[in-house]
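Quick note on labels: first sequence line is chain A, next is B, and so on, each numbered from 1.
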2 protein chains.
Amino acid sequence: MISLAEENYLKNIYKLSEKNSGAVTTSSLADALQINAASVTDFVKKMAEKKMVTYQKSKGAMLTEAGKKIALKIIRKHRLWEVWLVNTLNFKWDEVHDIAEQLEHVNSDMLIERLDNHLGNPTADPHGDLIPDAKGKFIKDRSKPLLKCIAKQKVKFIGVAEHSNSFLQFLTKNNLKIGDELFIERIEAYDQSFHLKINKKTKKVFSKEVVKNILIVLA
Amino acid sequence: MISLAEENYLKNIYKLSEKNSGAVTTSSLADALQINAASVTDFVKKMAEKKMVTYQKSKGAMLTEAGKKIALKIIRKHRLWEVWLVNTLNFKWDEVHDIAEQLEHVNSDMLIERLDNHLGNPTADPHGDLIPDAKGKFIKDRSKPLLKCIAKQKVKFIGVAEHSNSFLQFLTKNNLKIGDELFIERIEAYDQSFHLKINKKTKKVFSKEVVKNILIVLA
DNA sequence: AAATAAAATTAGGTCAGCCTAATTTTATAC
DNA sequence: GTATAAAATTAGGCTGACCTAATTTTATTT
């Protein structure tokens with residue numbers, strides 16, 4: 001059996017190792033979990049004994065294959081529940097995270113596979129994050145930050161790199177939704193702000209900070 | 001905040017006091033929760049301090065209004081989730097209990113009210129158990145055990161008084177479902193077995209043990 | 001390379017929620 | 001109404017998952 005705490009550790013180790021590959025440091029984990037670093041050291045050692053992670057003193061933790069499998073399952077569940085909450089119960093994309101954080105720990109393979117089917121086997125959640133399949137495989141991710149694009153490109157908004165409610169609400173307020181077509185009219189050289197035309201209609205300007213968190217594919 | 005343990009205690013105290021009204025004994029709670037009686041005594045005292053229950057030494061526990069409210073909310077959630085599992089994900093009625101036991105602890109008023117609406121505000125779960133509304137009120141229950149009926153009555157199967165998988169599977173195997181019309185052709189005086197005609201077609205005989213756990217309303 | 005700062009670890013402690021064993025209280029039988 | 005059985009409680013302990021404070025290790029600066 002895997003405890004709630006273990007599930008949260010595994011999930012966060014996975015997410016942190018996704019960003020900065022290599023071992024996940026004690027402090028970054030402590031920060032992500034909002035738990036004291038001393039507690040993290042302790043817990044990670046126990047997880048190493050259970051072969052969920054490998055741990056090297058003062059270097060950090062890395063998921064084993066077994067640990068990664070569990071982490072991916074939790075992420076799969078979280079994102080499937082988010083799809084359900086938004087598509088079926090009409091929650092907004094900035095309202096679903098806390099609920100999905102609870103639902104992701106519900107343990108039933110049958111449930112999750114039926115939910116997946118019921119939702120039509122979605123490959124991405126409402127924020128554009130990819131959903132691993134039952135075997136833990138993702139579809140190939142072709143997205144990149146809008147910031148990496150050049151002027152005059154036509155792209156499609158498919159996800160966000162920042163999941164804070166404030167950012168999601170900012171996008172909503174600016175009427176920017178996943179699926180929107182964006183045309184880059186101009187990039188201001190001085191501050192890298194992007195002058196966009198949205199869905200061939202509205203013109204808007206967004207700062208570098210915003211643009212780096214908008215994920216797109218070329219259209 | 002209410003812990004998982006507290007929620008389970010409250011739910012079980014409610015259910016036990018429903019059956020045998022009056023204070024819930026330590027041993028019955030211990031039995032229901034599969035927890036040592038000494039632990040129950042301890043825990044119930046702490047809950048009394050928090051005003052979730054009243055507790056009298058060696059007599060047992062009773063829910064306060066506050067405790068009852070929490071218990072009813074958990075029962076509401078459990079039963080709504082069961083409806084969802086059966087109606088939307090096509091689970092069978094003997095498969096949903098363990099999953100609903102987990103889902104009932106997910107905490108979000110918005111979620112539960114939206115789920116309720118999405119399901120069409122059901123008043124009973126797949127076993128015929130009534131679902132309290134958001135205020136904790138039940139619709140009036142007019143059901144009684146089939147065993148209390150007399151010969152030649154026409155009744156409708158609306159619920160079960162026993163929720164074990166073996167009983168549910170027994171009914172399924174005998175093709176008996178909620179909503180079925182039952183006509184009591186004869187009651188065997190010797191052993192009180194019931195000779196039924198189901199939906200005006202199939203004839204079947206059921207023992208007293210079965211019949212006392214079938215809840216019906218007069219048709 | 002020594003000094004300092006930051007990160008990680010060790011040692012010792014707390015609290016929730018359980019346990020067993022021993023004792024006390026309540027109920028039941030003779 | 002005393003003996004016995006059953007139920008409940010008390011006392012003391014354990015484990016998981018956290019904490020703080022002190023120490024050690026690693027990284028950074030000069």
Notebook entry, point to check: Which nucleotide, D/dA17, D/dA8, C/dT9, lies nearest any side-chain atom of A/A5?
Noted result: D/dA17
Note to self: From NZ of A/K45 over to P of D/dC18, roughly how many Å is that when rounded to an integer?
What the structure shows: 16 Å
Check: Within this structure, what is the CD-to-C1' distance between A/E7 and D/dG16, rounded to whole angstrom?
Finding: 15 Å
Note to self: In this structure, how many angstroms lie between the P atom of D/dC18 and the CD atom of A/E6, rounded?
What the structure shows: 10 Å
Notebook entry, point to check: Minimum heavy-atom separation for A/K68 to A/L63, with atom names?
Noted result: CA-CD1, 3.7 Å
Next item on the list: Compare side-chain N and O positions of A/S58 against OP1 and OP2 of C/dA7 and report whether any pair is under 4.0 Å apart.
Entry: no
Notebook entry, point to check: Could you state the CG-P distance from A/N8 to D/dG16, rounded to the nearest angstrom?
Noted result: 18 Å
Notebook entry, point to check: Does B/K57 make a side-chain N or O approach to OP1 or OP2 of C/dT24 shorter than 4.0 Å?
Noted result: no
Next item on the list: Could you check how far CG of A/D31 sits from C1' of C/dA8, rounded to whole Å?
Entry: 15 Å
Margin query: Quick check for you: among C/dA21, C/dC18, D/dA17, whose closest atom lies nearest to any side-chain atom of A/K46?
Written below: D/dA17
Next item on the list: Calculate the interatomic distance between A/Q56 atom CD and C/dT9 atom C1'; express it in whole Å.
Entry: 15 Å
Notebook entry, point to check: Can you tell me how far P of C/dA8 sits from CG of A/L29, to the nearest Å?
Noted result: 10 Å
Notebook entry, point to check: Does the side-chain contact (heavy atoms from CB on, under 4.5 Å) test come out yes or no for A/I99 and A/W81, once each step is laid out?
Noted result: CA-CA 9 Å; A/I99 301 174; A/W81 280 118; over 6 Å; no
Next item on the list: Kindly say whether the aromatic ring centers of B/H163 and B/H97 come within a distance under 6.0 Å.
Entry: no
Note to self: Can you confirm if the NZ or CZ of A/R186 lies within 45° of the ring axis of A/F194 and under 6.0 Å from the centre of its six-membered ring?
What the structure shows: no
Check: Using a cut-off of 4.0 Å on non-hydrogen atoms, how would the nucleic acid contact of B/S39 be classed: base, sugar-phosphate, or nothing?
Finding: base
Checklist line | Residue whose nearest DNA chain D nucleotide is more 5′ - A/Q34 or B/D42 | finding: B/D42
Next item on the list: Return the minimal non-hydrogen interatomic distance between A/L89 and B/R114, and the atom names on each side.
Entry: O-NH1, 2.9 Å
Checklist line | Interatomic distance, B/F43 CZ vs D/dA8 P [rounded to whole Å] | finding: 18 Å
Margin query: For D/dA8 and B/S27 - does any side-chain N or O of the residue sit under 4.0 Å from the phosphate oxygens OP1/OP2?
Written below: yes
